[in-house]
Structure formats: C-alpha cells, structure tokens
Amino acid sequence: MKQLIQLYKKWCGHEPKDVERIPGAGSNRVYYRLWDNDGSHIIGVIGTSRDENKAFIYLSQHFTLRKLPVPKVLAVSDDESRYLQTDLGTISLFDAIRGGREAGGRYNLHEQELLKRTIRELPEIQIRGARGLNWSQCYPQPEFDEEGVLFDLNYFKYCFLKATELDFHELKLEANFRMFARDLTSEPMESFLYRDFQARNVMVDKDGNPYFIDFQGGRKGPFYYDVASFLWQASAKYSFKLRRELVYEYYHSLSHYTEVPSVRHFVSRLALFVLFRTLQVLGAYGFRGYFERKEHFIKSIPPAIQNLRDLLKMNPSLFPYPYMMDMLRRLTELPQFAPKEDTVVKRSDGFKTAKSDVYKANPLDGPATYSKYDGKGPLVVRVYSFSYRKGIPEDESGNGGGYVFDCRSTHNPGRYEPYKKLTGLDEPVIRFLEDDGEILEFLKPVYQLADHHVERYLQRGFTSLMFCFGCTGGQHRSVYSAQHLAEHINEKYGVKVEIIHREQNIRQTLQPRSPKK
C-alpha cells in the first residue's frame, strides 16, 4: 500500500487526498480508488503476478493506441507489481442489469439495450484489437490451443467432477475430452479471445456506453468463446429469446469487421464453445467454492448446472462425444443438483415491487406549451386506465372525443398468482409484460396515433385531449399502457399530462417541461 502511494506521488507530484479499497471478486489483484485534492480519482492496482501485470499493461497500451474503450495505464512501478490506471466509474454492466437478474431473467427494455450495445462492441476488441498485437505478450499463453483446452477440461474433472463423487471411467472420458479439444481448435483463429468476457468485466458510463476491463488473460483465439462466455453466464438467466436476439446482434456486428461463416455453421460452432465454457466455469466454481469456500461461487453452481441441462436438450449431433455427454447427463441428475422451485425476495403481499412513483418527471421542467394560434391556455392531456367491467371513463373536461384502447388482446399477468396483488406500475409486472413483446407491439401504433393527434391539437390551439386504456380489471395491462403513453407524451412534447389509474385510485401529474428535441 505504501509503495502504491509512492507511485501515485511520483506520477502526480503529491500524495492522494484519500484512498479507498475497492471490494474484489475472484481475482487475487487488489484495487484502490485514489482521490486527488480536486475531487478527481484514478485506480491503483496491486497484483501478485508480475507476468499477469505485464500482460494487462501491454494489452491496455495496445488497445489504447487502437482507441478502444479500455482503461488507460498511467504509471507502472519499477518491479511491475503495481500500476495506476484511469477510473471508469463504479457501475458495472453486472450492476446495471441487476433488476433483470433478480427478476429471474425478465430484463426490461433499458437493460436489454445495455446488453445489445455491449455485444455489438465486442468485435471491436476482438477483431480491431487483434491487429498488430504481439501475441507473445499474452499470459499465461499466447494462443488458445488443444493443450490449453485439455487443461481446462481436466480442471473441471479434478476440481468439480471428482468433488461430486460421481462414478465415471477416466480413460473413456479422457478419449472424449481429446476429441472435444480437437474440434474446438479445428478452425483458424485470428481474433483476440478476451477469455473472461462477462458482465462484471464491463463498466457502463452515464450514457450507457460499455468499457472493457480485466482482459489480462486474453490471447489469440476463436471469437465464439467470448460470445459463449457472455451470454451463458450462469447467474444471468437470459431467456432463450433474449439470447437469440443477442447472438444475432453480435453476428450482424461481426460482419462489419470480418468475413463471417454461414448462420448454421456459426450456431453449431457456438454450441461447442457454450458446452466448453460451461464445463470450464464449473471447474472454477468447484475450486473457488468447494475448496476455497467462497460463497458467491457456491451459489453460482446451480444456475451453471441448469445451463448444462439446457445444453443436453439440444440436438445430440452437435456434440459427438457419447461417453462425455452421458456422464454429464448423470451429473445433472445427482440429488444435490436437483432443480428447486424458483424463489423470490418477498414482501408482506408476496412480491418485491418497484416504488409506486416509478416514473419521475424530468428535472428540466419548463413553461407550459401554448399554441401559437391563441392565448387560451396550454394543452393538457389526460390518460386513464380502467376496467371494462366498470365502464369507460367520462370526459371531465366536457369536450368529448379522444381515444379508447382495448388492451385485452395482450398477455394478462392477472392470470398468475404472483402478480394478482401487483399493478402495471410494479417491477415484476413490467418485466412480465415486456418479456414476450406483445404489449410493445400493441403500443407502437398507439404512439404513432397519439403523436399525430397531440401535434395537431397543439397547432390548432386545443386545450384538452383524452386517452383511455381498458383491460379486464384495470390493474395490469391498462395501467402499464397508460403510464407509458403519458410519459412518452410528456417527454416528447413537454405538455402537462394528468394520469388517472381509476381502479387503483391513483392520480399523478407530469408537469410541463422542455420538450425532447
């Protein structure tokens, strides 16, 4: 620690005003945030492996020259055991998408967009980052090869498989391991293999832009590996639909950097790396969890086993390793890995929910929007949610007109017990509705119609407009739709919007503000 402060002083000219240790994860490196007198801050790193430090420093400098989104190394100690780097903030992608993870894999639109932006950026570091890179600087080996694959497969065998006490024939398994290793290394590999590409190793700035960290274990290798590592992260619980969309986003982005194989070939090769990565992380979880007794890794084992179960349901022709696949099937059937019922963090009524005032007005509130054609006053939009059982809301303004939309064609959360006491303002319901996309498709033409109507009302000097959304109980789908349209209109046009969730006895006003440019 003292030597790290000396390095800072040598680089900056004076000692840091404050030093804060940053909690680590699975790494043996120790991180500190060092604060300067003017409030700026950088990261100080103490690494136990000089070779690993050298690899990170070289790669960071190379990627920085390529203008890739990585931390820049600012200073290095003479013995290369300590170095300073730019601070990319406190929010990792893992933190930013925590809500979707805790909701069992129901990621909202913002979280999905962060994932898509990240996976689209991956070819930048894989393909552009590989150009001119001196692979001999990589640690612990310069290239993804058959020997390295066998090392990881045996790591799985000794650190995880043997710890489960499952009976297996070592020679038969070894023979299949060798076949598997040959297949994984059978294609030319000219990209940078990040190796530990996961949400914890991506930082996100205030605009949602991803930055890559902890790439010191990278080497020359196939681009499939990182896709498997990212999308089959054990604890993420990405749905099949979301994974498929993210694979497409990656494949499309990759095509801008290099010639890509056919979709069929890409998917079949990716499946091999998903299986390999799953066995690899189980080996790591076994060592860190069973032997080092680190709770985080022990908790990660069940979702990793579930990933393995899902792989075993795929077309057997993708995995021509009969003994290994049979052994893995028996592994997933062990009593200690039996699937358990999903659990959630519960409150008194049975579910964790978001705050009732999820949708906060923008602080840039401006003056009311007046029509240029008269001076009678600003347009006020009223948006209702209601139950058809209790009738369509009356127009309080006395003007009549407006629109009534029937939400009952979309998937109803109210049919399921966990959502019966929640509303369309609560986080689990929002995730449920956005998950299959039906409500989003329903609202697309509604937004178009509403936009046109609001614009014409502003031009003509009208002062009142009404939109109503109805569903069976006025609790889930109609509440979600009304709230989202109201926010959309307020943000885009800056007009005052009154929200009335009639059956929930909730009224909310979104004040006039500066319209979105």
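All heavy atoms count here, side chains included; hydrogens, waters and symmetry mates do not.
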Under 6.0 Å between ring centres, would you say that holds for Y447 and H488? yes
Starting from the C-alpha separation in whole Å, work towards a yes-or-no answer on side chain to side chain contact (heavy atoms under 4.5 Å, CB included) for M327 and N176. CA-CA 11 Å; M327 180 274 298; N176 275 198; over 6 Å; no
Please report the closest heavy-atom contact between [X] and [Y], naming both atoms and the distance.
X: R82; Y: L7; answer: O-CD2, 3.8 Å
X: A271; Y: L318; answer: CB-CD1, 4.1 Å
X: R477; Y: T410; answer: NH1-O, 2.7 Å
X: G44; Y: L84; answer: CA-CD2, 3.9 Å
X: Y107; Y: K237; answer: CE1-O, 4.3 Å
X: T118; Y: P210; answer: OG1-CB, 3.8 Å

Using modelled atom types only, decide if a donor and an acceptor are shared between the side chain of [X] and the backbone of [Y] within a distance under 3.5 Å.
X: Q126; Y: F223; value: yes
X: D426; Y: P428; value: no
X: S300; Y: H296; value: yes
X: D207; Y: N209; value: no
X: H476; Y: N412; value: no
X: R128; Y: L68; value: no

Look at the aromatic rings of [X] and [Y] and report parallel, tilted or perpendicular, splitting at 30° and 60°.
X: H411; Y: Y416; answer: perpendicular
X: F276; Y: F144; answer: perpendicular
X: H484; Y: Y480; answer: parallel
X: Y194; Y: F215; answer: perpendicular
X: H256; Y: H252; answer: perpendicular

Decide if atom [atom1] of [X] counts as having more than 12 heavy atoms of other residues, nucleotides or ligands within a radius under 6.0 Å.
X: K157; atom1: NZ; result: yes
X: F291; atom1: CZ; result: yes
X: K116; atom1: NZ; result: yes

Applying salt bridge (Lys or Arg N to Asp or Glu O under 4.0 Å) to E441 and K444, what does each step give before you reach the verdict? CA-CA 5 Å; E441 290 300 315; K444 280 182 182 178; 3.0 Å; yes
Donor-acceptor contacts under 3.5 Å from residues 14-23 side chains, at least two apart:
from	atom 1	to	atom 2	distance (Å)
H14	NE2	D36	OD1	2.6

Checking [Y] against [X]: is there a side-chain donor and acceptor pair closer than 3.5 Å?
X: S229; Y: R277; result: yes
X: Q280; Y: D152; result: yes
X: D51; Y: S49; result: no
X: Y238; Y: Q233; result: no
X: S186; Y: D183; result: no

Check whether Y225 forms a cation-pi arrangement with R219 (NZ or CZ under 6.0 Å from the six-membered ring centre, at most 45° off the ring normal).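 The answer is no, since R219 fails at least one limit relative to Y225.
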With rounding to the nearest 0.5 angstrom, report the [atom1] to [atom2] distance, [X] to [Y].
X: S191; Y: K220; atom1: OG; atom2: NZ; value: 9.5 Å
X: M324; Y: M179; atom1: CE; atom2: CE; value: 9.0 Å
X: D95; Y: R200; atom1: CG; atom2: CZ; value: 8.0 Å
X: L275; Y: N307; atom1: CG; atom2: CG; value: 11.0 Å
X: N134; Y: L59; atom1: CG; atom2: CG; value: 10.0 Å
X: L308; Y: M325; atom1: CG; atom2: CE; value: 7.5 Å

Which pairs pass side-chain hydrogen bond (donor to acceptor under 3.5 Å, both in side chains) with one or both residues in residues 159-169, sequence neighbours excluded? K162-E170
Pairs where residues 67-80 contributes a residue and the test side-chain hydrogen bond (donor to acceptor under 3.5 Å, both in side chains) is met, not counting sequence neighbours: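 Those involving residues 67-80 are R50-E80, S77-D79, D79-S81.
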[Y] side chain reached by [X] side chain, heavy atoms, under 4.5 Å:
X: T332; Y: F337; result: no
X: Q198; Y: F94; result: no
X: I125; Y: V70; result: yes
X: Y139; Y: N53; result: no
X: S253; Y: L122; result: no
X: Y32; Y: I46; result: yes
X: F177; Y: V149; result: no
X: H265; Y: E187; result: yes

Taking NZ, NE, NH1 and NH2 as the nitrogens, is one of them in [X] or [Y] under 4.0 Å from a carboxylate oxygen of the other?
X: R243; Y: D310; value: no
X: D326; Y: R330; value: yes
X: R117; Y: E121; value: no
X: E333; Y: R329; value: no

Step by step, would you call V202 with F197 a side chain to side chain contact (heavy atoms under 4.5 Å, CB included)? CA-CA 8 Å; V202 179; F197 189 67; 4.1 Å; yes
Out of the candidates F63, Y83, F212, only one should pair with F56 under the ring-ring contact (aromatic ring centres under 6.0 Å, His included) rule; please name it. Y83
Reference residue F160; test ring-ring contact (aromatic ring centres under 6.0 Å, His included); the match among Y290, Y285, Y155: Y290
Working for salt bridge (Lys or Arg N to Asp or Glu O under 4.0 Å), residues R178 and E174: CA-CA 6 Å; R178 292 189 177 279; E174 182 68 21; 3.6 Å; yes
Before you tell me yes or no, could you show the steps for L161 and L282 under side chain to side chain contact (heavy atoms under 4.5 Å, CB included), namely the whole-Å CA-CA distance, both residues' side-chain angles and the distance that decides it to 0.1 Å? CA-CA 9 Å; L161 190 57; L282 281 172; over 6 Å; no
From CA spacing to verdict: side chain to side chain contact (heavy atoms under 4.5 Å, CB included), L272, Y321: CA-CA 11 Å; L272 289 181; Y321 322 107; 3.6 Å; yes
